[in-house]
Amino acid sequence: MTETFWDRHGLYGLMAQFETPEQVVSAAQRAYDAGYRKMDAYSPMPVEGLAEAIGFKRNWVSLVVLIGGLTGCVGGFGLLWWICVIAYPHNVGGRPFDSWPAFIPITFECTVLLAALSSVVGMLAMNKLPMPYHPVFNVTEFAQRASIDRFFLCIEANDPKFDRDKTKAFLLELNPEEVSEVDK
Amino acid sequence: MTPTNTLGPQLDRLQRNALVIGVIAFAATLVGAFVDKQHFWQSYLYGYIAISALAIGSLGIFLLHNVVGGNWGVAIRRFIESGLQTLPLFALLVIPILFATTFLYKWTDATYRAEHFAVGHKAVYMNVPFFAGRTVFYFIVWIAMGSRILKMANEHDRTGDPALFKRIKGVSAPALLVFVLTTTFAFIDWIMSLEPDWYSTIYPWLFTVGEVLLTFAFMIALLVLFSKHEPFAGFIKTAHFHDLGNLMLCFTMLWAYMGLAQFLIIWAENLPDEIPWYIRRFSGGWGYLGWFISIFHFCIPFFLLLMRFVKRNPQRLRVLAIWIIVVRMLDIFWYVAPAFRERKLEVYWTDLSALIGMGGIWLAYFIWNLKKRPMLVPNDPRNTYSVKGRAH
């Protein structure tokens, strides 16, 4: 399918602006109840219940961290075992080459290292960061106040229920300060 | 019904049952003294070390919370205060040990001292009068510190004076230092000297960390038990359990870290002075217990405590906390008993009855202290979870 003009230059979504965190949480809840799924909320600070209100269940960073940690654990232990048993076997105080207690600290450190790195990398990847361009910044009020004192809810145009007029009417019912169209 | 009354009947019942079971078990242990004196004293020492951990650990957590603050401590504040108020019980229960050193400590034996050159030289420090004097000194310091600072904290509960709050913090910091130093010497005296040839510099800290971990586990189990009742029901947030779970994770890791550090150094040196301590604990059945502790005291609780769905669910956290209490008891047994029962894993009924007896009596005394004051501290400036209008 070829990309049309509107795919590239059309509407990204509709954005409602709120003054308080309580308003944005209840608006998000009502939008979710109305059947909207492709939406996001923006806030200058963590707001209790906001993630749950837009239907965010869980993130998978913890799984990535677990896999990273296990890789580091097996890798660290395997590296030491290979060095001490196969590559450079040395007799240290008459101990067996595979003296595993001595491997524990480095195995642990490798586990922590890979778990920590995979949490950072996994977090960035799942947030699709770094992202040099995002359409929401086309809204002037958003760009100026989203990280200071206003709360935003954006229903995206690719939501199956999205309809430019009906969604706009719906958002206006939620008592926002303003509803703006977000250009791509 | 006033809020504090709802917990009353349950507390009374718990206290009565604990006292009845405790006294019966303790009496049975005393009967054991006439059956088998040697094992009676071993059991008594084990029970004493295991249960006194709750009072000593409470003092440590109390001082720690005074210094660093935090919402976790607001929830269990009265528990730890009541825990440190039980210190006089252990000052009393230690007296028999001071008169029974010949049954427990090899360094009291002149023939042993003559045969073991190094132990003979330690006699300047390890002799009965000095040992008893030091033990008395530890208790004077702990009880004096605990009661003085607790008195200030009570005064602050009443007045909410910010200057006093600051002074409590200022006094608790050096007190925490004194606490760590005195427990260091206490555990060297009471337990490490059971094997007077052996020494490890991290051992007393390992023990102190274990005591604090045990106390945290006990306080968490108690908090979950009470959390459905007023005044806790309207106060406790999921975040409190999350914080306490994190602290339990932290002390589990610290305990494992120190235990491994001690093992690794001694194992790597493989010196005749030091390695026998581990040989005794990994031979003749003790090894099974050692492996059991490594896996069930560290590996499994560690992985479970990493997960939020365990820490944020009070019932799951309680199961884990009770499990930590059980493995702590086994760990202390693994530290104390192999000193007497060389190369053979033996458990005597007095081990169990001494533990239950002292535990029951302690629990009754603890609840008696707990009932004297309201369960929650009024005007605690460290309480931020329950303040309205905050995002978190």
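Residue numbering restarts at 1 for every chain, and letters A, B, ... go by the order of the sequence lines.
Ring to ring, B:Phe187 and B:Tyr203 are not that close: their centroids are 6.0 angstrom or more apart. Here the two rings, on B:Phe282 and B:Trp334, have centers that are under 6.0 Å apart.
Contact of B:Leu260 with chain A is made through the side chain alone, with heavy-atom distances under 4.5 Å. In this structure, no portion of B:Tyr257 lies under 4.5 Å from any heavy atom of chain A. At a 4.5 Å heavy-atom cutoff, A:Leu50 makes no contact with chain B through either its backbone or its side chain. Neither the backbone nor the side chain of A:Ser62 comes within less than 4.5 Å of any heavy atom of chain B.
In this structure, the side chains of A:Met15 and A:Val179 stay at 4.5 Å or more apart for every pair of heavy atoms. The closest side-chain heavy-atom distance from B:Asn71 to B:Asn383 is below 4.5 Å.
In terms of heavy-atom pairs under 4.5 angstrom with chain B, the leader among A:Pro21, A:Pro101, A:Gly49 is A:Pro101.
Geometrically, A:Arg150 does not engage A:Phe18 in a cation-pi contact defined by less than 6.0 Å to the ring centre and at most 45° from the axis.
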